[in-house]
Amino acid sequence: MSENDAVANRLDEIADLLEAMDVDFKPRAYRRAADHIRELDRPVEQIATEGQDALEEIEGVGEAIAEKIIEYLETGSIEELEDLRESLPVEMSALTRVEGIGPKRVGMLYEALGIRTLDELAAAAEAGEIQTVPGFGEKSEQNILDHIPFARQAAKRHLLYVARSLADEILDEFAAIDAVDRCEVAGSIRRWLPTIGDVDILIATDVGGSLTTTIESLAFAAETIEAGDRKASYRTEEGIRVDFRFIEPSVFGAALQYFTGSKHHNVQVRQRAIDRGLKVNEYGVFTGTDERIAGETEESVYEVVDLPWMAPEIREGRGEIEAADAGALPTLLESSDMRGDLHVHSDWSDGSMSIADMVDAADTLGLEYLAITDHATGPGVVAGTGVEDAELLRQREEIDHANQSTDVTVLHGVEANIDAEGGISVSDAVLEELDIVIASPHAALTQDREQATERLLHAISHPQVNIIGHPTGRKLGQRPGLPIDIERVAKAAASQHVALEVNSHPVRLDLEGEAVKTVIEHGGTIAISTDAHVGHELELIRYGVHTARRGWAEPSNVLTAWTVEEVRSFID
DNA sequence: GCCGTTTTCGGCCCGACTGTTTTCAGTCG
């Protein structure tokens, strides 16, 4: 967890505790500050070194909160938070993770029954004590019993891949229902975030909540959380929450725009509407006299605030509105622009298919070129799976053979390892013989920012290296990866004609979108590849494409969208 | 506690759903 998250979590806890004590408005201020700190693009401790004034420049942070941030950074705790914890000694974040329990009810349960932990909450519910507390009843008690198991398995985010697959299945089911006009996924899935909290589905229909009986009969809806006329929520067997909105077809665009987000983007769009005397909500765009002037399509919503429609991937409040005003929105990369894959494994290392079968799979997908880049031996590569230097030279024959029987241009490469100091695990003499060289970090992934950055800079400076593979080595939900200074890495890579990879594997998505944007701003080149270990994984490229789109990538920024001749001239 | 081209004081997003309320509070997104 970054220091920003640590600070934000403490401010959120102050907010929750104050809210439990019935304090008005302050909680909102602390939450707002926490949100903005969580989304800062640099470490809050770095800002703090510039003084308290610099902290107060952060949106939502004033004198009092700035002082608390400094107190936390200097002493590791905040006195006011400690005092609040003393007067309400509850495990706030654990308890509020229970669906239907918020800070106020935590306060009520502590006052009435002295409940401090999930275990005590469970015990009280089992003993039938909850329903004796004013404001609670039998149903609240049963609800608590039902939801404690989910609260115990920490607030878990799901991989985009898992969520999108589920969403696609649900969309298929709804496409077959007569009363459904249109059905779209919204929220963070539509923006292609690497991980998502829940699945948001919008349904255009005139029959509203009567669809809930149909939904309840579908296999994914293991549990009904709520079911109303305008919205309904369910949980799958795997614990993924799926939220539905039932929308009148005539305002579907407004709802789609509203529920796609992000929050920051929508705040900016709403502000533009206010500046023009208009109001935007999920039901449309309205004039001062409440006349609806837009909403059937997303385009119509943007049009009345003088903006072009923009792709969901860039709706993050990272300058897209300003770019639109300046006429400088990117012409984003499309999946159909992709021509090749430059990071693929075979059974020479830890892949499960022969080179010929991987080439066949690439041919079927219409790829123009494919680089076979098996693992070299080295730190972080499972013993016995990496290819030794001599073996690598022998692999050439099989590559040449594959090239004779296909339209796909097969390049001979390697995925070498970057050791902790930035050295490359394959000898220069062997690298010379290859068409293309990827160098990736596989071990020593807990270095600090300086070490990690120097390490990559050293690897980039190696004359034979063409691509840095999964530059941070992160694995979603498993490890955060190297905390590199992406600006320095991007500058060095751009000046030395080394591409930085967007690894499309759903567990990696590395580099991620924001980093891609930095690379492109510094004139760098991105290589979107799959890291496929079996033929069907070549189809995962779309996750890399959409991740790159989150970084405003155009075809000209993406090595694997170029022709093979252009690629050869880049790597020469 | 924060913030300001309506304001340095007086506001703070809001709509939907559920449950326990007999008119609304708490939670959620």
Side-chain angles (χ1 to χ4, degrees), chain A residues 11-12 14-20 22-37 55-69 78 80-81 84 92 95-109 130-144 146-147 150-151 155 186-189 196-202 208-209 212 224-235 241-247 251 254-255 258-264 266-267 269-271 273-277 279-284 286:
Chain A
L11 296 179
D12 271 333
I14 292 176
D16 283 348
L17 288 165
L18 289 172
E19 193 171 353
D22 259 338
V23 177
D24 279 332
F25 301 114
K26 282 194 195 184
R28 193 196 312 267
Y30 279 102
R31 287 206 183 97
R32 212 167 96 80
D35 282 347
H36 283 106
I37 288 166
L55 285 172
E56 289 180 33
E57 291 288 303
I58 301 169
E59 195 88 352
V61 176
E63 193 181 345
I65 292 182
E67 282 171 1
K68 290 187 176 69
I69 294 171
I78 300 170
E80 170 148 1
L81 174 57
L84 287 167
M92 184 58 84
L95 289 168
T96 52
R97 226 177 279 138
V98 178
E99 188 87 49
I101 300 290
K104 286 252 167 79
R105 304 193 109 194
V106 170
M108 286 153 69
L109 289 171
I130 301 288
Q131 52 178 301
T132 67
V133 180
F136 292 78
E138 239 177 278
K139 291 208 170 167
S140 307
E141 186 170 87
Q142 190 55 47
N143 235 23
I144 288 168
D146 291 344
H147 289 111
F150 293 105
S188 46
I189 301 183
I196 68 106
D198 51 35
V199 177
D200 294 311
I201 306 269
L202 303 187
T212 53
T224 303
I225 297 170
E226 63 181 29
D229 266 344
R230 293 174 182 269
K231 56 188 264 197
S233 294
Y234 303 88
R235 203 187 307 275
R241 184 183 166 124
V242 185
D243 292 341
F244 291 88
R245 294 268 170 175
F246 309 117
I247 319 280
V251 301
Y258 185 91
F259 289 111
T260 295
S262 68
K263 206 162 70 177
H264 291 305
N266 283 356
V267 164
V269 171
R270 276 204 295 275
Q271 188 56 49
I274 292 166
D275 293 345
R276 288 162 176 72
K279 193 180 94 175
V280 179
N281 62 25
E282 63 263 52
Y283 300 110
F286 300 87

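Order of the sequence lines sets the chain letters (A, B, ...), proteins ahead of strands, with each chain counted from 1. Not measured: the values here are computed from a predicted model.
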Sequence-aligned protein contact record of nucleotides 19-28 of chain B, with B where the base is within under 4.0 Å of a protein heavy atom and S where only the sugar-phosphate is
SS-----SSS
What is the ring orientation for A/His36 with A/His264, classed by angle as parallel under 30°, tilted 30 to 60°, or perpendicular over 60°?
tilted
Report the relative orientation of the aromatic rings in A/Phe246 and A/Phe244; use parallel for angles under 30°, tilted for 30 to 60°, perpendicular for over 60°.
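Parallel, since the angle between the ring planes stays under 30°.
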Provide the distance between the two [atom1] atoms, one in [N] and one in [M], to the nearest whole Å.
N      : M      : atom1 : answer
B/dT20 : B/dG15 : P     : 25 Å
B/dT5  : B/dG1  : P     : 23 Å
B/dC28 : B/dT23 : P     : 25 Å
B/dT27 : B/dC13 : C1'   : 15 Å
B/dC9  : B/dC14 : P     : 25 Å
B/dT18 : B/dC12 : P     : 28 Å
B/dC2  : B/dT6  : P     : 23 Å
B/dT21 : B/dG26 : C1'   : 12 Å

Heavy atoms, side chains only, cut-off 4.5 Å: are [X] and [Y] in contact?
X        : Y        : answer
A/Lys68  : A/Ile14  : yes
A/Tyr258 : A/Val269 : no
A/Leu81  : A/Leu17  : yes
A/Leu84  : A/Glu80  : yes
A/Arg235 : A/His147 : yes
A/Ile58  : A/Ile65  : no
A/Glu59  : A/Arg32  : yes
A/Arg245 : A/Ile201 : no

For atom [atom1] of [X] and atom [atom2] of [N], their distance in whole Å:
X        : N      : atom1 : atom2 : value
A/Ile225 : B/dT18 : CD1   : P     : 11 Å
A/Ile274 : B/dG4  : CD1   : P     : 14 Å
A/Asp275 : B/dT5  : CG    : C1'   : 10 Å
A/Arg230 : B/dC17 : CZ    : C1'   : 12 Å
A/Ile37  : B/dG1  : CD1   : P     : 15 Å
A/Phe244 : B/dG29 : CZ    : P     : 15 Å
A/Asn281 : B/dA16 : CG    : C1'   : 13 Å
A/Leu18  : B/dG1  : CG    : P     : 8 Å

For the side chain of [X], counting heavy atoms from C-beta on, which of [options] is nearest?
X        : options               : answer
A/Glu226 : B/dT18, B/dA16, B/dG1 : B/dT18
A/Asp198 : B/dG29, B/dC2, B/dA16 : B/dG29
A/Arg32  : B/dC17, B/dG1, B/dC3  : B/dC3

Just call it for A/Phe246: base, sugar-phosphate, or nothing, with non-hydrogen atoms closer than 4.0 Å on any strand.
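No contact.
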Check every strand shown and say whether A/Ala232 touches a base, only sugar-phosphate, or nothing at a heavy-atom separation below 4.0 Å.
nothing
Contact list (N/O, under 3.5 angstrom) for nucleotides 6-14 of chain B vs protein:
unit_1, atom_1, unit_2, atom_2, d
B/dC13, OP1, A/Arg28, NH1, 2.5

Strictly by Watson-Crick or wobble contacts shorter than 3.5 Å, is anything paired with B/dC9, and which nucleotide is it?
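In the structure as shown, B/dC9 has B/dG4 as its Watson-Crick or wobble partner.
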Contacts of A/Arg230 that satisfy side chain to side chain donor-acceptor pair (under 3.5 Å) - sequence neighbours left out:
A/Tyr283
For A/Arg245 and A/Lys26, find the nucleotide of DNA chain B closest to each by heavy atoms; which residue's nucleotide sits nearer the 5' end?
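Here A/Lys26 is the residue nearer the 5' end.
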